[in-house]
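Before any comments, here is the structure.
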Amino acid sequence: MALLTPLFAFLYHLPQVYKWLLKPYYVASLFMSVAFLAVRKTPGICDRLATQREDGNSCDFDWREVEILMFLSAIVMMKNRRAITVEQHVGNIILFSKVANVILFFRLDIRMGLLYLTLCIVFLMTCKPPLYMGPEYIKYFSDKTIDDELARDGRVTWIVEFFANWSPECQSFASVYADLSLKYNCAGLKFGKVDIGRYGEVSKKYKVSASPLSKQLPSLVLFQGGKEVMRRPQVDKKGRAVSWSFTEENIIREFNLNELYQKSKKLSKTRGDKVSQSQFPPVPEEEENLKMRH
């Protein structure tokens, strides 16, 4: 059963995986990830490459290359243990495959290493992972709207994600957060996002670091009555973010979303009752007495 669960999960997400892999970013990344493998195994090219194998076969990996590839596999497995989406799994494989390719090409020929490293830099500067464009119930804030919206109605609970578009972790988390908004959004529980990479003043006010080395991206903050109640990841006394996994299960449990949603639905019903009563004003006592006499 333990082996069947990940298999079923993979098959369930297979159509979505194909959709991602067909996007230009992933197609180009896939070719760059297997570049050294292609060079080492392609007849006519591999024959001219240097090798440290005892049998002199330049079309097969030598012992050092095998060690590098095995080390890469171990790193990817460790990183993917904390991955929460298929995008993160694929992203980790692509990232560390490129790192391994740089090392392997430089070891093989410094000119090939420089060429591949240049291609990686150009790719990084010109190609970005596709942003999540699926359905969501999320309000996007700016530096001018966030404070007013959070304080507009003290009965409304807000969960706000502080993110940056350049952050791979934020991009991977986008689909998870959107899914939560579809499940739990109602009149008394709302979901918002603000790009602190764009609005630096928001970053300072709410004490979420937008540094490229920051471990606070993304950050989820729960607001009630316009005031912060809790946030994840937490920040210790030294200003360092405490490691936390942004899985859907963790968020539901830590933010107590099921209970918040039930309370928020009651608020929605109360609002509905008030609206219906206001549409039908009570009959004055004198008119009611006259009706009773007749």
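None of these values were measured; they are calculated from a predicted model.
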Nearest-0.5 Å distance that lies between atom NZ in Lys98 and atom CD1 in Ile93: 13.0 Å
Distance from Ser73 atom OG to Ile68 atom CD1, nearest 0.5 Å? 12.0 Å
Heavy atoms, side chains only, cut-off 4.5 Å: are Met32 and Tyr116 in contact? yes
Check Ile159 against Tyr177 and note the closest heavy-atom contact, atom names and distance. O-OH, 2.6 Å
Before giving the answer on side-chain contact (heavy atoms from CB on, under 4.5 Å), spell out for Ser203 and Phe162 the whole-Å C-alpha distance, their side-chain angles and the decisive distance to 0.1 Å. CA-CA 8 Å; Ser203 170; Phe162 294 83; over 6 Å; no
Is any side-chain N of the basic residue among Glu259 and Lys263 closer than 4.0 Å to the acidic one's carboxylate O? yes
Between Glu149 and Lys190, does any NZ, NE, NH1 or NH2 come within less than 4.0 Å of an OD or OE carboxylate oxygen? no
Atom CZ of residue position Phe71 - does it have more than 12 heavy atoms of other residues, nucleotides or ligands inside 6.0 Å? no
N-O pairing of Asp153 and Arg155 below 4.0 Å: yes
Any salt bridge between Asp60 and Lys41, counting N to O under 4.0 Å? yes
Please assess Val242 against Val235 for the test side-chain contact (heavy atoms from CB on, under 4.5 Å), listing each intermediate value before the final yes or no. CA-CA 6 Å; Val242 179; Val235 180; over 6 Å; no
Under-4.0 Å salt bridge between Lys183 and Asp179: yes
